[in-house]
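Please read the structure below before turning to the comments.
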Amino acid sequence: MSKLQPVRGTRDIYGAEARNMAAVVETFRRVAGSYGFEDIATPIFEFTEVYKRPLGEASDIVSKEMYTFEDRGGEDITLRPEFTAGVCRSFISEGMQQNLPCRLMSNGPAFRYERPQKGRYRQFHQINAELLGQDAPEADVDIIAMAWRLLGELGLADKVVLELNTLGDKESRATYRETLVRYFEDHKGGLSEDSLRRLSSNPLRILDSKDDADKKIVATAPLMSDCLNEASRSFFERVKAGLEAVGVPYVHNERLVRGMDYYTHTAFEFVTTELGAQGTVLAGGRYDGLIEQLGGPATPGIGWAGGIERLAMLSKAGKTPARPIIIMPMGEAATLKAFEIAEDLRGIGAIVTSDRGGNLKKRLNRANKARARFAVIIGEDELSGGVVTLKDLDNGEQRQVSFADLAHSVKAGV
RNA sequence: GCGGGUAUAGUUCAGUUGGUUAGAACGCCAGAUUGUGAUUCUGGAGGCCGCCGGUUCAAGUCCGGUUACUCGCCCCA
């Protein structure tokens, strides 16, 4: 008996989980707003080329994780696997270079065909921030400080560590890559199968390997910091100095690399040990060549993305909604009057629903399950007397209150 | 794509060395009040034991396959 269930790697989000995720998004929008970021909502699918080119043909995302299909018009379409490329496409399409810098925030689903795991889904949700048009390292500091503030407001300052690294500019990165490949070629015999594959596809990734044999070789591998040219070195120094000035703690992790090809200079990850293998909760970096690569005007950029599910699992920031008031009209005339009463109570900010079904016993029972604070009972007796019966569901006490006094009584918490 | 674990009621789980009508708790429904809940009492509904096949006189239980979930690898938010 195959049950009707959501597609593998997708799921229904409701209840406490939905509240926690909504709280992450709300906090993000408020915090990013305070740094001058404004909303942008780009389509959740784009022409495949938009993702393929910047991410790199050989990247895992492009080579095996994208949801790509041909639509009915024969267009090659891909569901967004990440936000940055789409936002940059939008920047170009809309001619935003006229008004730099752009501070753009967005949130929503992204799609990757991966094996699901705790904190990893095929449809997952991200918050995303991009700062376009500033090439100074202080922009990196701004955007990382914003992430740190967000994490703090989510109560995660103690659960998360900022790991920071630089990939250098194009030139430094190329030099390092060569140096590294040469080193690993000399130690080929000891490398794991995965790392041998990475040697040709993404040698920097080997630095991040969890294989014990690899780790030994990596331990004595040449460092990025030894291959940085002067410009890259001073860029990184200014990022670090800025972070210290603004009070964001970090650790320099020489082994931190990025999956996407388009990153340059600053790369960072906020990681936690509380989510098993999916420890990265928010990550990003600088991507100075990306917009040009997509065919736009050369424009520097830096941004990050945070996993909403992962942040929500850690922070549990969602609040249970305020307790409702439930109106229980008995009879036709009372039912009509109840509409008016309900609207009055909503007018003072209360959460109000009406329960018109079944006997009073059933309705009170349901009210109890709904965590209701008050029941407002209105039958023929009440109606003719111009009152309602206001019942406090915590202590069981009830009394008659006139229509005119009801809102006031409820507000006073009586 | 690769490896480990799990699959029994709406939910969380029991279920002996294979043995006949598969259980508990919570939840749900009804009754004990005709206009008074959350407590209490009584009763009830709800399971092709994930699916397919094999071994056996006999399978929820053993074996194989499959699917889903889950943990890890890969990769990533």
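In what follows, chains carry the letters A, B, and so on, assigned in the order in which the sequence lines appear, proteins first and then strands, with residues in each chain numbered from 1. Given the structure is predicted, the values throughout are model-derived calculations rather than measurements.
- Residue A:Arg8 places at least one side-chain N or O under 4.0 Å from the OP1 or OP2 atom of B:C69.
- Between the P atom of B:U39 and the CG atom of A:Leu393 lies a distance of 14 Å, rounded to the nearest Å.
- Considering only the side chain of A:Lys362, B:A30 comes nearest among B:G37, B:A30, B:C71.
- Comparing the C1' positions of B:C13 and B:A22 gives an interatomic distance of 14 Å, to the nearest angstrom.
- Nucleic acid contact for A:Gln117: base, since at least one base atom lies under 4.0 Å from a heavy atom of the residue.
- In this structure, A:Ile377 reaches the bases: a heavy-atom distance under 4.0 Å links it to at least one base atom across the strands shown.
- Tested against A:Ser195, the residues A:Leu207, A:Ile206, A:Val218 include a single side chain to side chain contact (heavy atoms under 4.5 Å, CB included) partner, A:Ile206.
- In this structure, A:Ala367 reaches neither bases nor backbone, as no heavy-atom distance under 4.0 Å exists between it and the strands shown.
- Within 4.0 Å of A:Phe270, counting heavy atoms only, lies no atom of the nucleic acid at all.
- When heavy atoms are screened at a 4.0 angstrom cut-off, A:Gln398 is found touching base atoms of the nucleic acid.
- Using a 4.5 Å cut-off on side-chain heavy atoms (C-beta onward), A:Leu360 and A:Met328 make contact.
- Pair check for B:U6 finds B:A68; Watson-Crick or G-U wobble, both atom distances under 3.5 Å.
- Other residues, nucleotides and ligands contribute at most 12 non-hydrogen atoms within 6.0 Å of the CZ atom of A:Phe47.
- Contact annotation: A:Lys369 reaches the phosphate of B:C28 (side-chain N/O to OP1 or OP2, under 4.0 Å).
- Comparing B:U36, B:A77, B:C71 against the side chain of A:Thr389 picks out B:U36 as the nearest.
- Between the CZ atom of A:Arg366 and the C1' atom of B:C28 there is a distance of 13 Å, rounded to whole Å.
- One can place CG of A:Asn365 at 15 Å from C1' of B:G35, the figure rounded to the nearest angstrom.
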- A:Arg122 and A:Glu114: salt bridge (charged side-chain N to carboxylate O under 4.0 Å, His left out), yes or no, with the steps? CA-CA 6 Å; A:Arg122 288 183 174 179; A:Glu114 294 185 279; over 6 Å; no
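- For the pair A:Arg80 and A:Phe83, the cation sits on the ring face: its NZ or CZ lies under 6.0 Å from the ring centre, inside 45° of the axis.
- A:Lys391 comes within 4.0 angstrom of a nucleotide base, judged by non-hydrogen atoms across all strands.
- Nucleotide B:G53: paired with B:C63 (Watson-Crick or G-U wobble, both distances less than 3.5 Å).
- Of the C1' atoms belonging to B:U39 and B:G23, the separation is 27 Å, rounded to the nearest Å.
- More than 12 non-hydrogen atoms from other residues, nucleotides or ligands lie less than 6.0 angstrom from CZ of A:Arg255.
- Nearest-nucleotide mapping onto RNA chain B: of A:Thr10 and A:Val281, the residue sitting toward the 5' end is A:Thr10.
- Base contact: A:Arg115 has a heavy atom under 4.0 Å from a base atom.
- Following rounding to the nearest Å, A:Lys118 (NZ) and B:C74 (P) show an atom-to-atom distance of 18 Å.
- With rounding to whole Å, A:Arg80 atom CZ is found 13 Å from B:A77 atom C1'.
- At the phosphate of B:C74, neither OP1 nor OP2 sits under 4.0 Å from any side-chain N or O atom of A:Lys64.
- B:G5 sits 26 Å from B:C48 when the C1' atoms are compared, rounded to a whole Å.
- Atom C1' of nucleotide B:U39 and atom CG of A:Asp394 are separated by 15 Å, given to the nearest angstrom.
- Summarising the geometry, the separation between CG on A:Asn359 and P on B:A30 is reported as 9 Å, rounded to the nearest angstrom.
- At a threshold of 4.5 Å between non-hydrogen side-chain atoms, the residues A:Val401 and A:Val376 do not count as touching.
- Seen from the ring of A:Phe403, A:Lys337 counts as a face-on cation partner, given the 6.0 Å and 45° thresholds.
- On the P atoms, B:U56 is 16 Å away from B:U61, given to the nearest whole Å.
- Judged by Watson-Crick or G-U wobble contacts below 3.5 Å, the nucleotide B:U11 has B:A25 as its partner.
- Spacing between B:A59 and B:G64 at atom C1', rounded to whole Å, works out to 15 Å.
- In this structure, A:Arg120 and A:Gly307 both approach RNA chain B, and ranking their closest nucleotides by distance from the 5' end singles out A:Arg120.
- The residue A:Leu282 sits close only to the backbone: its heavy atoms come under 4.0 Å of sugar-phosphate atoms, none of a base.
- Atom CG of A:Leu383 is separated from atom P of B:G35 by 17 Å (rounded to the nearest Å).
- B:U40 and B:G46 are spaced 24 Å apart, taking the C1' atom of each and rounding to whole Å.
- Nucleotides B:C63 and B:C2, compared at atom C1', are 24 Å apart to the nearest Å.
- Rounded to the nearest Å, the gap between the P atom of B:G53 and that of B:G31 is 45 Å.
- The partner of B:U36 cannot be assigned: no Watson-Crick or G-U wobble pair with both contacts below 3.5 Å exists in any strand.
- The residue A:Gly396 sits close to a base: some heavy atom pair falls under 4.0 Å.
- Listed candidates were B:G35, B:G37, B:A77. Nearest to the side chain of A:Glu382 is B:G35.
- Judged by Watson-Crick or G-U wobble contacts below 3.5 Å, the nucleotide B:G1 has B:C73 as its partner.
- Residue-level contact check: A:Glu397 touches neither bases nor backbone, having no heavy atom under 4.0 Å from any strand.
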